[in-house]
S.K.: 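Sharing a structure, written as C-alpha cells. Questions coming.
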Amino acid sequence: MASSTFSPGTSRFCCAVEILRSSRPHIAAVFARRPLKRNPGGMSINHAFALWFTLATLRPPVVIESGVHRGFSTWLARETLGPGARIFS
C-alpha cells in the first residue's frame, strides 16, 4: 500500500497542519458571536470548526443541511458563506 501524501513529516502534511492552526483565530471570532452560548445535544466547537473550515475552504454555491437541531449550523453556514448563500435546511 502506498503511503499517504498527508503522512506526518511530509511537506503536504505540515502545510495542512499550518493552515488549520492559522485558522484558529478566525473560528474563535465566529464562535464568540454565536447566538447560542449553550447548545446541549448540538454542535460544539470541534464540529463547528470542521463545518466552518470545510465551508470556508470549498465555498459551495449551495448547502443542503439535514438534522437541524437549534439552527446553529445554519447560522454558522450563513456567517461563513455570507448573506447570498443558498442554504436549504
Side-chain angles (χ1 to χ4, degrees):
M1 178 187 277
S3 64
S4 169
T5 57
F6 286 100
S7 299
T10 65
S11 61
R12 289 187 71 188
F13 176 84
C14 294
C15 181
V17 169
E18 187 53 42
I19 290 168
L20 291 171
R21 284 186 180 143
S22 67
S23 298
R24 289 186 294 192
H26 302 290
I27 186 58
V30 172
F31 198 72
R33 293 192 311 268
R34 71 194 185 280
L36 299 171
K37 299 303 181 194
R38 288 185 24 84
N39 194 19
M43 189 179 289
S44 66
I45 185 66
N46 296 333
H47 293 111
F49 177 77
L51 177 61
W52 173 83
F53 188 81
T54 301
L55 292 174
T57 301
L58 298 178
R59 307 298 296 176
V62 176
V63 174
I64 300 172
E65 179 181 31
S66 65
V68 177
H69 176 57
R70 293 174 60 194
F72 176 67
S73 58
T74 307
W75 175 86
L76 185 58
R78 178 76 55 215
E79 282 289 303
T80 305
L81 298 174
R86 296 184 56 173
I87 301 172
F88 298 93
S89 297

S.K.: If the condition is side-chain contact (heavy atoms from CB on, under 4.5 Å), which residues does R70 pass it with, not counting sequence neighbours?
M.R.: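 In terms of side-chain contact (heavy atoms from CB on, under 4.5 Å), with neighbours along the sequence ignored, R70 is linked to L36, N39, P40.
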S.K.: Which residues pass the side-chain contact (heavy atoms from CB on, under 4.5 Å) test with A56, not counting sequence neighbours?
M.R.: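 Only W52, T80 meet the side-chain contact (heavy atoms from CB on, under 4.5 Å) criterion with A56.
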S.K.: Sequence neighbours excluded and cut-off under 3.5 Å, please list the side-chain donor-acceptor pairs for residues 81-89, or say none.
M.R.:
| from | atom 1 | to | atom 2 | distance (Å) |
| --- | --- | --- | --- | --- |
| S89 | OG | E65 | OE1 | 2.9 |
| S89 | OG | T74 | OG1 | 3.3 |

S.K.: Working to the nearest 0.5 angstrom, can you tell me the gap between H26 NE2 and F53 CZ?
M.R.: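 Taking NE2 in H26 and CZ in F53, the distance rounds to 10.5 Å.
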S.K.: Of the non-hydrogen atoms in A48 and L76, which two are nearest, and what is the gap between them?
M.R.: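 For A48 versus L76, the nearest heavy atoms are O-CD2, 3.4 Å.
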S.K.: Find the distance between CG (L20) and CD1 (I27) and round it off to the nearest 0.5 Å.
M.R.: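 Reported value, rounded in 0.5 Å steps: 12.0 Å.
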S.K.: Is V30 close to F49 at the side-chain level, that is, under 4.5 Å between some pair of heavy atoms?
M.R.: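 No. Closest side-chain heavy atoms not under 4.5 Å.
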S.K.: Hey, is the main chain of T54 close enough, under 3.5 Å, to the side chain of T57 for a donor-acceptor pair?
M.R.: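 The answer is no, because no donor-acceptor pair under 3.5 Å joins these two groups.
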S.K.: Suppose the criterion is salt bridge (charged side-chain N to carboxylate O under 4.0 Å, His left out): which pairs have a residue in residues 31-48, not counting sequence neighbours?
M.R.: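 Matches after skipping sequence neighbours: R33-E79.
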